[in-house]
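Only a predicted model underlies this, so the values are computations on that prediction, with no experimental measurement involved.
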Amino acid sequence: MKKYVAHKNESTGLIQTVKEHSENTASLCREFAIPELKDFLYVIGLLHDVGKFQESFGKRINGANIKVEHSTCGALAAKEKYAIPDPMALMMEYCIAGHHSGIPDGGFPNDDSSQSTLCGRLKRDFEDFSEYKNELALPELNGLEWMKYLFKDCDNSMGNVIDKFAFLTRYAFSCLVDADSIDTADFCKERELPRKLCADFSACLQIVDHKLNSFVCKTELQKARAALQNQAFQNIKQEAEIYLLNMPTGSGKTLASVKIALERALAKGKKRIIYIIPYNSIIEQTADVFEEMFGDNLEILRHQSTFSYEDEENGSEDYREAAKTAAENWDAPFIITTAVQFFESVYANKRGKLRKMHNMSDSILIFDEAHLMPQDYLQPCLQAVAYITRYLHSEAIFLTATMPDYEKLMNEYALPDSKIVKLIKDTFMFTKFQKCRYSYIDEISSSELLSKCREFPSSLIIVNRKATARELYQECGGKKYHLSTYMTSYDRKRILKEIRQELKRLEGDYPEYKDVPEDRRITIIATSLIEAGVDLDVYTVFRERAGLDSILQAGGRCNREGKRKMADVFVFDLAVETRQASLDEKANLTKGLLKKYDDVSDVKCIEEYYSRLYFMKADDIQKNTMHQVCSDLVSIPFKEYAEKFELIDSRQVSLVVPRDVQSEKLVEVIKYTKAVNARKLQNYTCSVRQKELEDLIRQHAADDYGTGIYCLTNKDYYDEYKGVLFEASDYFL
């Protein structure tokens, strides 16, 4: 009998037949799948490579230099065998046709065979591959049950069916491509595959409990913190899909959330905990806290765009290899990642990103600073959480000090009956954590602002625009610091270290902050990048008017440790920026609330802010949802949607700035070999607008050397304290 070969191991000379690979992949698909889709995914695994039964593929595997399309054959086989019900076959077709190149756009029935849409590809002619019918035993599927599962919770809405169908397609695709990758790697391996990362959740929970029990509760603040945490720990015993943990800054949210996650993971037998953080910059300190606390009991997988295990110096080679492998599919017990990485993985169409999606099932998801989900993508983000918790049998914890009404939002924009539990029901203790009073000082000139801030031992001024921060820094006198994304991460880290040292020295020399001489007073001028995840404690904060959540976050940098009874956060409008502020919807909402409420950190004020922000903006919230861009299952634009789905502003582009010997070498490599190591370059990039980059290119100060990665080529256009300049420093008088 002729052997149809799927893979050859070049080292051993062994072959893997299409039958073996298909059955192995099918078994792994079934193993990965949620119970409701096990049989369905087994079939997808069986059919994915039936195009390798074509004679030309046999020639290719034996060395012929020919291209052979095989993915679409499996889609055609699924269409033939499982045509009723049509949506079930269609989901198979999307997954199988895209298992190498990515889930394609559905297209339209009149597409021709030259087009790369699913409709177009299904019209192509292929060699006979029908031998698969003799080699593979295809089971019957219960199409009626499958359809019931698809239409469940959709409330007879075609829009809801499209969104759920698209989610389940990406999930099924994830199971398929991970199973395919694992079986292929296992057969072709030239050495033993790395071990898996490990965790002892029971030991970790004991460590957290011991740490919580070790805290002394003498002051009113300490007692309130313990009472608030205990309230959350009691309420977590209730069953839910989504838990809301609304706790003020300084109440121990991070420690409480990880205890809750560990308890739920142990109680419900969950496979992993995924800690989702809004920004890359916060991951490092969060990972450091957990690594120091849990030690060898928890091996953490960090997955972010700015980090590479190839460059990681800590940990053994064994651990690094295990972590690098786990980063491909998130097969790890404890993952720390960013919201961008998480949601863009859910809404991707390529195997590289989607491969990890199925491992979001049977998990505990913690969304730190949950209120930062972007308004323009709020419905897709909420749907992702609702679907993962409902259909993939996970649980989510939303963690924030400024909690929107997620019960109402979920009901309106995701699943109307998501089981949601508020872990903090009594918020009267929040007043114990008020360490700042918020005052609106109206419009002020830059000179008046700088003069006022010099009255205090240390001041942090946060403005909305990078150009404004730089102008204020240049105008400011005395001991001053500047932070914005015009500067590289390399310089921001260095300056933050300087700031912390100087603040510590100031407190040591003047513990009561009395009679601080003019030359020791500190002024820090920054953009909003400092509002989350930057551990600073200054005497007074000045915040340019913005959204209420931003203002309250800014307040978290002031009197952070509560060493003084009360501190001040002054909200202001810069005279030169007033027109710009008047166009900002969030800032205008805040202006009204500042006048209405004596304390804008009050729970009622926060509730009113989010209510007015979200429930009057239904069009903005829904505009980027899948059902808004297509009207039927056949024409879902998976590829186009994934390419447009971006949670960060694409108008900002990265510019590489050589700052040390290593970065200069990396730029040399780009220049002469066109090879780009994006991860290693992250530390040396700053952000500029597209027009600003074009201005630098016109001045011959930036070049991409044909790679698309732009590098600063003239050092006179960068200042280590101000960041990238748009005129050479030589030109300044």
Side-chain angles (χ1 to χ4, degrees), residues 205 208-209 211-264 267 364 366-372 385 389 395-411 418-438 548-549 551-553 555-556 559-562 565-566 593 596-615:
L205 181 58
V208 174
D209 285 339
K211 190 172 183 70
L212 287 166
N213 292 333
S214 69
F215 291 141
V216 177
C217 294
K218 290 183 178 178
T219 67
E220 287 299 308
L221 183 68
Q222 289 166 344
K223 289 174 184 175
R225 183 184 292 124
L228 210 56
Q229 290 173 351
N230 286 333
Q231 186 184 154
F233 301 153
Q234 286 301 312
N235 288 329
I236 197 64
K237 293 170 184 174
Q238 299 174 63
E239 292 298 318
E241 294 168 335
I242 300 166
Y243 296 93
L244 306 180
L245 185 56
N246 182 18
M247 293 174 69
T249 302
S251 59
K253 292 193 299 292
T254 302
L255 199 59
S257 70
V258 80
K259 173 181 165 65
I260 287 165
L262 288 164
E263 284 192 349
R264 292 303 299 175
I364 305 293
I366 306 173
F367 292 91
D368 193 15
E369 306 294 359
H371 67 281
L372 290 174
V385 178
T389 53
E395 294 178 5
I397 302 161
F398 284 5
L399 176 65
T400 178
T402 54
M403 185 74 76
D405 187 349
Y406 278 119
E407 285 182 286
K408 191 173 178 182
L409 286 166
M410 280 287 177
N411 186 60
S418 280
K419 297 171 188 170
I420 300 173
V421 165
K422 286 184 178 179
L423 295 177
I424 303 297
K425 301 182 192 294
D426 301 320
T427 58
F428 67 91
M429 281 181 290
F430 282 20
T431 55
K432 304 285 185 184
F433 296 91
Q434 289 175 343
K435 296 170 284 192
C436 304
R437 56 183 158 250
Y438 296 82
L548 181 62
D549 51 334
I551 287 168
L552 297 178
Q553 287 276 28
N559 194 23
R560 191 172 176 85
E561 302 302 322
K565 188 171 182 180
M566 193 59 67
L593 295 171
K596 180 176 178 179
Y597 288 89
D598 292 332
D599 176 19
V600 291
S601 68
D602 184 82
V603 172
K604 288 191 174 76
C605 180
I606 295 169
E607 285 175 354
E608 182 175 343
Y609 170 73
Y610 282 118
S611 177
R612 291 171 64 183
L613 181 66
Y614 287 141
F615 296 107

TODO: Could you give me the CA-CA distance, side-chain angles and deciding distance for Glu369 and Gln553, then say whether side chain to side chain contact (heavy atoms under 4.5 Å, CB included) is met?
DONE: CA-CA 10 Å; Glu369 306 294 359; Gln553 287 276 28; 3.2 Å; yes
Task: Main-chain N/O of Ala226 paired to Asn230 side chain as donor or acceptor, under 3.5 Å - done: yes
Open item on the list: Keeping Asn559 on the side-chain end and Cys436 on the backbone end, is there a donor-acceptor pair under 3.5 Å?
Closed with: no
Which residues share a side chain to side chain contact (heavy atoms under 4.5 Å, CB included) with [X], sequence neighbours left out:
X      : result
Ala396 : Ile242, Leu365, Phe367, Val385, Thr389, Phe398
Lys596 : Glu608
Arg437 : Met566, Asp568
Ala232 : Leu245, Ile260, Leu423, Ile424

I need the [X] [atom1] to [Y] [atom2] distance, nearest 0.5 Å.
X      : Y      : atom1 : atom2 : value
Leu613 : His371 : CG    : NE2   : 11.5 Å
Lys253 : Ile397 : NZ    : CD1   : 14.0 Å
Gln238 : Lys419 : CD    : NZ    : 13.0 Å
Lys218 : Lys223 : NZ    : NZ    : 10.5 Å
Leu212 : Gln229 : CG    : CD    : 5.5 Å
Ser418 : Leu409 : OG    : CG    : 11.5 Å

Open item on the list: So, using salt bridge (charged side-chain N to carboxylate O under 4.0 Å, His left out) as the criterion, who are the partners of Asp405 when residues are at least two apart?
Closed with: none
Closest heavy-atom contact between [X] and [Y]?
X      : Y      : result
Ala240 : Val421 : CB-CG2, 3.6 Å
Ile606 : Ala401 : CD1-O, 4.2 Å
Pro404 : Tyr614 : CB-CE1, 3.8 Å
Met247 : Ala256 : SD-CB, 4.2 Å
Lys604 : Asp602 : N-OD2, 2.9 Å

Task: For Tyr438, all residues meeting ring-ring contact (aromatic ring centres under 6.0 Å, His included), sequence neighbours excluded - done: none
Open item on the list: So, using ring-ring contact (aromatic ring centres under 6.0 Å, His included) as the criterion, who are the partners of Tyr597 when residues are at least two apart?
Closed with: none
Open item on the list: Go through it in stages, so that I can follow the logic: the residues are Tyr243 and Asn235, the test is side chain to side chain contact (heavy atoms under 4.5 Å, CB included), and I'd like the CA-CA distance, side-chain angles, deciding distance and then a yes or no.
Closed with: CA-CA 9 Å; Tyr243 296 93; Asn235 288 329; over 6 Å; no
Ignoring hydrogens and angles, write down the donor-acceptor pairs under 3.5 Å from the side chains of residues 425-434, residues two or more places apart or on other chains.
| unit_1 | atom_1 | unit_2 | atom_2 | d |
| --- | --- | --- | --- | --- |
| Lys425 | NZ | Lys422 | O | 3.1 |
| Thr431 | OG1 | Phe428 | O | 3.2 |
| Gln434 | NE2 | Asp599 | OD2 | 2.3 |

Using side-chain heavy atoms (C-beta onward) and a distance below 4.5 Å, is [X] in contact with [Y]?
X      : Y      : value
Gln222 : Phe215 : no
Pro248 : Leu228 : yes
Leu593 : Leu548 : yes
Lys259 : Asp209 : yes

Under the side chain to side chain donor-acceptor pair (under 3.5 Å) rule, collect the residues that match up with [X], sequence neighbours excluded.
X      : result
Ser257 : Tyr275
Asp549 : Tyr609
Tyr406 : none

- [ ] Using the salt bridge (charged side-chain N to carboxylate O under 4.0 Å, His left out) rule, collect all pairs that involve residues 230-240, keeping only residues at least two apart or in two chains.
- [x] Glu239-Arg264, Glu239-Lys268
